[in-house]
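Take a look at the structure set out below.
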Amino acid sequence: MAQKLQVHVKLNGREQSAEIEPRLLLVHLIRDVLGLTGTHVGCDTSNCGACTVLLDGRPIKSCTCFAVQADGHEILTIEGMMRDGQLHPLQQGFHEEHGLQCGFCTPGMILSAYALLQHNPSPSEEEIRWGISGNLCRCTGYQNIVCAIQNAAGKMRQKEAAA
Amino acid sequence: MIVKTSPEIGGLGHSVKRKEDLRLIQGKGNFVDDVRLPGMVYGHVVRSPFAHARLKGIDIANALKTPGVMAVITGEDLAKAGLAWMPTLFHDKQMVLATGKVLFQAQEVAFVVAEDRYSAADGAEAVEVDYEELPVLVDPHRSLDPDAPILREDREEKSNHIFHWEVGGREETEREFQQAPVKARVDAVFQRCHPAPLETCGCVADFNPATGKLTVWLTSQAPHAHRTLFAIVGGIPENNIRVISPDIGGGFGNKVPIYPGYVCAVVASLKLGRPVKWIETRSENLQSTGFARDYHMTAEIAADRDGKVKALRVKTLADHGAFNAAAQPSKFPAGLFSVCTGSYDFEKAFCEVDGVYTNKAPGGIAYRCSFRVTEAAYLIERAMDVLAHELKADPAELRLKNFIPADKFPYQSPLGWSYDSGNYAGAMHRALEMAGYRELRQEQAARRAHGELMGIGISSFTEIVGAGPAHTFDIAGIKMFDSCEIRVHPTGKAIARFGTKSQGQGHETAFGQIVAQELGIPVADITVEEGDTDTAPYGLGTYASRSTPTAGAAGAMAARKIRDKAKKIAAYLLEASEEDLEWEPGKFSVKGVPGKAKTIQEIAFAAYTNIPPGLEAGLEAVHYYDPPNLTFPFGTYICVVDIDKGTGEVKVRRFVAVDDCGNIINPMIVEGQIHGGLTEGLAIAFMQLISYDENGNVQGGNFMDYLVPTAVETPHWETDKTCTPSPHHPFGAKGVGESPNVGSPAAFVNAVVDALAHLGVTHIDMPVTPWKVWRILKEKGVVN
Amino acid sequence: MAVRIEKKFQVKEAIDQAWTLLRDPRNVAGCIPGAQITEAVDEQTFHGIVSVKVGPALANYKGELHVDRRDDAAHEIEFTGKGLDVKGRGSASMKMTGRLSSLPEGGTEVATVAEVNVVGILAQFGGRMINDVSDVMFKEFVKRFEEKLREDPAAPGTPEAAAPADGIKIVSAAMKGAIRRMVHGMPEESQ
């Protein structure tokens, strides 16, 4: 068994550290070691995107990243989307537009959508579909997810304009 | 007649936003892999690389020496406890862990338990298995050859033939064919595919030696049935078993069977006295759990020269893999496949199905369908198009000519089903209108003249769901009723528990709406629970679109029992007689005396504080509902495609879906179900296949090869509805979750064939990949 | 899953020199990365192992090599190899024909045709990788064959401990080949 290493990450704004094996995947660090189970595992070939988190603001598949690679970096998971006890407009949008059914793809989907909107606050439907093409969903057929993201984008633009 | 309640009450017909969303959008769902218990350890399955081989020996010495490994269970260990084999859900048995031989690639051979996931995988790597390869059988058409290897040495009859089943009139159908001026035939394969819910299967088995109780968190669509089976198979008293199905990340039928991994985890927990978690990987899910379809079908239609259909003849070969683990009602080896006369008024019909074994993963049912109805609907809809092509008739016109007329319901089909209600022409006309069918045909003619390939495909399917009446339906002996228990609290809030188990269908909201409709209690005040066998009343679970027809009905009936008692309490409180009271959602009032009324909340309070003499306290009821019949949702789908000649890629330009599921509880939820089901139908039609090479190596055993559509491939779905209530359901509902997956594959394939019909193409088997289409174009000289 | 692989390469040495090397399976095995003959049962039959290492995981195929036909006059050899993974991960078999012909300008052309069959988990991924992996392994084989020819072509091959074929190196090289083909649309030339 390999020697254990210390990793330090800033998870949803909080400093966390753990002693782990070098081969531990980031998704397992987040779920099993640090106890945030909102990020899910849906496949073993890096295809489904259920494990999507943001690493220093960029969406990555946490199943295809070692925990040690995240050492010293910032991670945002679904649990970090609420601010001051308020649901993020994306979370609101998914609820209002029925953008989830079983909910398993939802955390990863929301994180990908968040990254998309950071980049492109007014995406077209085509841009949204490309933007979430790394996240598989078996339940919704994506149509309401697109509506959810458009709903959120609208609210976020309004907030920006008001600010 | 459904009385519409206020939005605050949120009864039937309201698009109430979902309660289950709140935890799921925060990542605070409780899926099986989220369950963490003190002292929990992990299991990992060792699997066979060979499709057919003798198991000469298993050496676990190195595995046991692997750091972190606590135990290794083999088939021999299980055999000592009589658990090496377990019954399947369909008159067969399957190996839990292999003894003697292995029968499919990825079959379970040993179970390693370790302190953590990674050590368990290390241990599994260190298990050494000695195999002797045997000849492999992967072609079901060869299963019955005299020189085919006999796969199941455990069966008395040494043959690969599982069953022969037939229904209808063979001779009278034959006579129709002999005198029919027009005959059409299609040989259609519904390929082996897999439901692939985003959450794979798994469990946490927690045996507490101090209490003797076994708790199993399980990805189960039918927790009660699983509890009973664990009790019977495992010899554990049923009152000492608790199955909890928490949040489930999609089921689609994949989570109905009991898998060897569950049994091994339970055995390991019993042995170690600690919670054992087993979560399969995606590859394991695709390669070993309940697959779908693999039906090799032939349909023949006999018709007169005007295109009026007379008789249908169907012959099917069913490939069940190594064990018949199909999850379906026990009297129906081919499920409800005999609904293959579809929406059409055939006078005579005959259908026969033969099931065979092959060296492939066991099963044969799942993937968002009512038992084999996808196969049946696909077959008849393809056959009707082949007939249309034969007669040079318009496919919409041909269907309209042959639909069971609206006044012929309840309709007795020649294969034994009594369709409750239907208005097929109504759905068809609505779809044609939405699509602009006439204009589309004109456009197609124009494009064709320019050498462009545009196709229009129609599917007018009939579903058969809501299994089912006790006189005919049981699974492994348990009758297919379902149940609801409602309890109203003193402050007028309520809790309702059901025997079904949602995996995303929104029961926490929709089933609350049923109770809200019947009692007038606001849906926000009603908690709905499912999935914990210690508290929920016994039910057969959620699959085959049965929940609303059975458990939903039970909910309405239980609520009506409560309303009956509430009326007595109201009469007492109002000092009136029951006959003088009238009901509107939420209150009883005295006829003709405005203001003299009691709300359901006041009545509930009285049930605990001011109980009428002679009546028990409390306000609750339970109902076990035995449906008098199945229900028959239906619809018409129209698909428009354009084929790229350079790549063979089929682009779905438009898809119009008109569904009729009777009265609707929550239109928003129904629409979401339609979107999802159509997307799964798209996947099946164009991109999904689990195949095996000549050595039994599975191709399509991971998400690199087994494709799931992303938001990019998925088109925009145009949906609408008609409403033909079910006459026998308490609130006229039929269920709808699977209709889109049942009706859409034929719409997609019919569209592609339609685009190529002028070249002489009459059928293409799914998945219709760009490669297949391009090869046809090359063959027909359309491209070089 | 059966894959047919045809390869040709040329060496400077004369046909008799090349044949002396090729006609003895022990020499051929010595040139295949990770392969080793462990025992000669008789003139035609040999036991051997092929080790493939992918990262920390080691797969050991143990099996038999049988010379089906050897024609010294025509410079042709045909043999069959079949191995079972010792831990039970799968099996692989191969039927190969090797033929030499003299080149007009001097030197020898070596032509091989192999039918490879892989069973097991590798075969699930193998479909897309077998051709590319065998390309890379073949390049390595050619290199070692040429080296052996230059060293001491007359000496019979001695079984030497073979370092396991490094699967990761092979797989990444194979992937590079596949990517290059996709980008440039041209097959990798074999030397």
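Computed from a predicted model, the values in this text were never measured in an experiment. What's counted below: heavy atoms across the whole structure, side chains too, no hydrogens, waters or symmetry copies. Chain A is the first sequence line, chain B the second, and so forth, proteins listed ahead of strands; every chain is numbered from 1.
Considering only heavy-atom pairs separated by less than 4.5 Å from chain B, the leading option among Thr106(A), Leu136(A), Asn135(A) is Leu136(A). Here Arg18(B) is the residue among Met668(B), Arg18(B), Gln505(B) with the most heavy-atom pairs under 4.5 Å with chain A. Listed options Val708(B), Thr281(B), Leu286(B) were ranked by heavy-atom pairs under 4.5 angstrom with chain A; first place goes to Val708(B). With chain A as the partner, the residue from Gly504(B), Ala711(B), Ser502(B) showing the most heavy-atom pairs under 4.5 Å is Ala711(B). Of the residues considered (Pro709(B), Pro197(B), Pro715(B)), Pro709(B) shows the highest number of contacts with chain A, using heavy-atom pairs under 4.5 Å. Interface remark: of the candidates Cys43(A), Gly38(A), Cys137(A), Cys43(A) forms the most heavy-atom pairs closer than 4.5 Å to chain B. Between chain A and the residues Thr714(B), Leu682(B), Asn285(B), Thr679(B), the most heavy-atom pairs under 4.5 angstrom are made by Thr714(B).
Residue Ile669(B) touches chain A through both its backbone and its side chain, counting heavy-atom pairs closer than 4.5 Å. If you measure heavy-atom distances from Met82(A) to chain B, the contacts under 4.5 Å come from the side chain alone. The part of Ile248(B) that comes within reach of chain A is its backbone (N, CA, C, O), which places non-hydrogen atoms under 4.5 angstrom from that chain. With a threshold of 4.5 angstrom between heavy atoms, Leu25(A) approaches chain B through its backbone and through its side chain. Neither the backbone nor the side chain of Arg23(B) comes within contact range of chain A; no heavy atoms are under 4.5 Å apart. Interface remark: Asp247(B) contributes no atoms to any contact with chain A (heavy atom separation under 4.5 Å). Tyr142(A) touches chain B through its side chain: at least one heavy atom from C-beta onward sits under 4.5 Å away, while N, CA, C and O do not. Residue contact with chain B, scored on non-hydrogen atoms closer than 4.5 Å, is absent for Leu36(A). Within the 4.5 angstrom heavy-atom criterion, atoms from both the backbone and the side chain of Gln673(B) approach chain A.
For Arg282(B) (side chain) and Gly42(A) (main-chain N/O), a donor-acceptor pair under 3.5 Å exists by modelled atom type. Arg138(A) places a side-chain N or O within 3.5 Å of a backbone atom of Pro195(B) that can act as its donor or acceptor partner. Between the side chain of Arg129(A) and the backbone N or O of Glu713(B), no donor-acceptor pair lies under 3.5 Å. Asp44(A) places a side-chain N or O within 3.5 Å of a backbone atom of Ser283(B) that can act as its donor or acceptor partner. With Gln143(A) contributing its side chain and His716(B) its backbone, the two residues share no donor-acceptor pair below 3.5 Å.
Looking at Phe703(B) and Ser46(A), their side chains never come closer than 4.5 Å, going by heavy atoms from C-beta outward. Side-chain contact between Arg117(B) and Asp32(A): present, with at least one pair of heavy atoms (C-beta onward) separated by less than 4.5 Å. Contact annotation: the side chain of Asp33(B) approaches that of Arg31(A) to within less than 4.5 Å [non-hydrogen atoms, C-beta and beyond]. Contact of the Ile78(A) side chain with the Gln26(B) side chain is not registered, since no non-hydrogen atoms from C-beta on lie closer than 4.5 Å. Side-chain contact between Gln101(A) and Gln503(B) is absent, with no heavy atoms from C-beta onward closer than 4.5 Å. Taking the side chain as every heavy atom from C-beta outward, Trp130(A) and Val712(B) approach each other to under 4.5 Å. Residues Leu198(B) and Cys102(A) are not in side-chain contact: their nearest non-hydrogen atoms beyond the backbone lie 4.5 Å or more apart. Between Thr140(A) and His675(B), every side-chain heavy-atom pair lies at or beyond the 4.5 Å cut-off.
Taking CG of Asn47(A) as the start and CG of Asn702(B) as the end, the distance is 7.5 Å to the nearest 0.5 Å. In this structure, CZ in Phe94(A) is found 10.5 Å from CG in Asp21(B), a value given to the nearest 0.5 Å. The OG1 atom of Thr37(A) lies 7.5 Å from the NZ atom of Lys28(B); values are rounded to the nearest 0.5 Å. Rounding to the nearest 0.5 angstrom, the gap separating the CG atom in Asp116(B) from the CD atom in Glu21(A) is 6.5 Å.
Between Asp122(B) and Arg23(A), at least one side-chain nitrogen of the basic residue sits less than 4.0 Å from a carboxylate oxygen of the acidic one, meeting the salt-bridge criterion.
The neighbour count for Glu126(A) CD, taken as heavy atoms of other residues, nucleotides or ligands under 6.0 Å away, does not exceed 12.
Every residue two or more places apart in sequence or in another chain that forms a side chain to side chain contact (heavy atoms under 4.5 Å, CB included) with His8(A) is listed here: Gln6(A), Ser17(A), Asp71(A).
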Run the numbers on Leu100(A) and Leu24(B) for side chain to side chain contact (heavy atoms under 4.5 Å, CB included), then give the verdict.
CA-CA 8 Å; Leu100(A) 66 149; Leu24(B) 296 171; 3.6 Å; yes

For the pair His95(A) and Lys17(B), evaluate side chain to side chain contact (heavy atoms under 4.5 Å, CB included) and give the outcome as yes or no after the intermediate values.
CA-CA 7 Å; His95(A) 175 60; Lys17(B) 303 273 182 275; 3.7 Å; yes

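Among all heavy-atom pairs drawn from Cys139(A) and Phe252(B), the shortest one is SG-CZ, 3.9 Å. Counting all heavy atoms, side chain and backbone alike, Ile25(B) lies closest to Ile110(A) at O-CD1, 4.3 Å. The shortest non-hydrogen separation linking Gly27(B) to Pro107(A) is CA-CG, 4.4 Å. Scanning all heavy atoms of the two residues, the minimum distance from Thr710(B) to Ser133(A) falls at CG2-O, 3.4 Å. Listed here is the closest heavy atom pair of Gly672(B) and Asn144(A): CA-ND2, 4.4 Å.
Looking at Tyr118(B) and His28(A), their side chains do bring a donor and an acceptor atom within 3.5 Å of each other.
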